[in-house]
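Protein chains get the first letters and strands the later ones, always in sequence-line order, with residue 1 at the start of each.
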Number of protein chains: 2
Amino acid sequence: MNKVWKALDDPTRRRILELLRSGPRSAGELGAEFDMSAASMSHHLGTLADAGLVEREKKGQFVYYELNTTVFQDLLEWILAMKGQDR
Amino acid sequence: MNKVWKALDDPTRRRILELLRSGPRSAGELGAEFDMSAASMSHHLGTLADAGLVEREKKGQFVYYELNTTVFQDLLEWILAMKGQDR
DNA sequence: TAGATATTTAGAATATCTTCTAAATATCTA
DNA sequence: TAGATATTTAGAAGATATTCTAAATATCTA
């Protein structure tokens with residue numbers, strides 16, 4: 001969970017996740033949405049992948065990234081526990 | 001929301017929130033649970049308060065901290081949107 | 001009031017994070 | 001195969017975060 005919280009603590013990475021809601025996108029396609037070098041984008045994508053929030057799939061010369069929604073379950077439970085205050 | 005994500009990206013602060021689930025506690029009571037100076041604890045509590053995740057109330061020489069669960073609603077919605085993938 | 005206790009603020013040291021450029025690797029196409 | 005495109009890796013600069021000690025502020029109690 002530590003890596004998940006870390007990964008989510010960055011506006012660029014959260015925006016990447018939001019973009020991926022509409023389906024898988026390549027590193028280049030994602031990068032086109034940001035004013036940032038491809039290397040920096042790759043770094044962010046690596047952070048998200050490390051945390052398990054996205055999965056990568058190489059297709060020819062492109063690398064596609066896709067949301068992995070299963071990881072959000074733990075987050076959700078933590079937050080629900082906080083909201084519920086033990087209930 | 002930026003400050004909220006930032007505040008949650010630290011194990012000490014998340015643990016503080018978990019401790020507060022059982023009710024308000026003073027800075028000193030919270031500090032006793034960690035191997036950390038009172039000054040550092042105060043810093044973390046300030047970060048949580050800035051993000052709106054806790055509220056402070058001074059009572060005599062003590063300062064009590066209490067969970068503010070309303071802030072978790074936005075987080076919850078963001079995560080549910082991610083899990084739902086637009087559905 | 002003086003001293004003790006609780007907490008915060010100030011300032012500094014160290015570690016971590018974000019971003020960059022340059023270079024490396026992989027794949028595609030003429 | 002050579003060159004073009006896509007992506008990642010390496011290494012460094014600058015910004016931000018975490019923690020500490022020392023000192024400041026507020027409140028309590030003898």
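When heavy atoms are screened at a 4.0 angstrom cut-off, A:Ala27 is found touching the sugar-phosphate backbone but no base atom. Here B:Thr47 lies out of heavy-atom contact (under 4.0 Å) with every strand. Across all strands, A:Tyr65 comes closer than 4.0 Å only to sugar-phosphate atoms, never to a base (heavy-atom distances). In this structure, A:Met36 reaches the sugar-phosphate backbone alone: every heavy-atom distance under 4.0 Å involves primed, P, OP1 or OP2 atoms, never a base. In this structure, B:His43 reaches the bases: a heavy-atom distance under 4.0 Å links it to at least one base atom across the strands shown.
Atom NZ in A:Lys6 sits roughly 10 Å away from atom C1' in D:dT18 (whole-Å rounding). Rounded to whole angstrom, the span from the CE atom of B:Met41 across to the P atom of D:dA17 amounts to 19 Å. When the C1' atom of D:dT18 is taken as reference, atom CG of B:Asp35 falls 14 Å away, rounded to whole Å. With rounding to whole Å, B:Asp9 atom CG is found 10 Å from D:dA17 atom P.
Pairs passing the ring-ring contact (aromatic ring centres under 6.0 Å, His included) check and including a residue from residues 32-59 of chain A, sequence neighbours excluded, do not occur.
Secondary structure note: stems in DNA chain D built from 3 or more consecutive Watson-Crick or G-U wobble pairs under 3.5 Å occupy C:1-30 with D:1-30.
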(message) Does B:Asp10 form a side chain to side chain contact (heavy atoms under 4.5 Å, CB included) with A:Trp5? I'd like the steps, not just the answer.
(response) CA-CA 8 Å; B:Asp10 181 275; A:Trp5 289 112; over 6 Å; no
(request) Apply side chain to side chain contact (heavy atoms under 4.5 Å, CB included) to the pair A:Trp78 and A:Val4, showing each step before the final yes or no. (result) CA-CA 12 Å; A:Trp78 190 87; A:Val4 174; over 6 Å; no
(request) Go through the steps to decide whether B:Leu75 and B:Met1 satisfy the test side chain to side chain contact (heavy atoms under 4.5 Å, CB included), and finish with yes or no. (result) CA-CA 8 Å; B:Leu75 268 184; B:Met1 281 288 286; 3.9 Å; yes
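From B:Arg13, atom CZ reaches atom CE of B:Met41 across 11.0 Å, with rounding to the nearest 0.5 Å. From A:Asn68, atom CG reaches atom CG of A:Leu48 across 11.5 Å, with rounding to the nearest 0.5 Å. Rounding to the nearest 0.5 Å places CG of B:Leu20 at 10.5 Å from CZ of B:Arg15.
Judged by closest nucleotide on DNA chain C, A:Thr12 is the one of A:Gln61 and A:Thr12 placed further toward the 5' end. Closest-nucleotide positions on DNA chain C for A:Ser37 and A:Phe62 were compared, and the one nearer the 5' end corresponds to A:Ser37.
Chain A approaches DNA chain C within less than 4.0 angstrom (heavy atoms of the protein), and the contacting nucleotides run 5' to 3' from C:dC17 to C:dC28.
Taking a cutoff of 4.0 Å between a charged side-chain nitrogen and a carboxylate oxygen, A:Arg21 and A:Glu18 do not qualify as a salt bridge.
Both tests hold for A:Lys59 against A:Tyr64: distance to the six-membered ring centre under 6.0 Å, angle to the ring axis within 45°.
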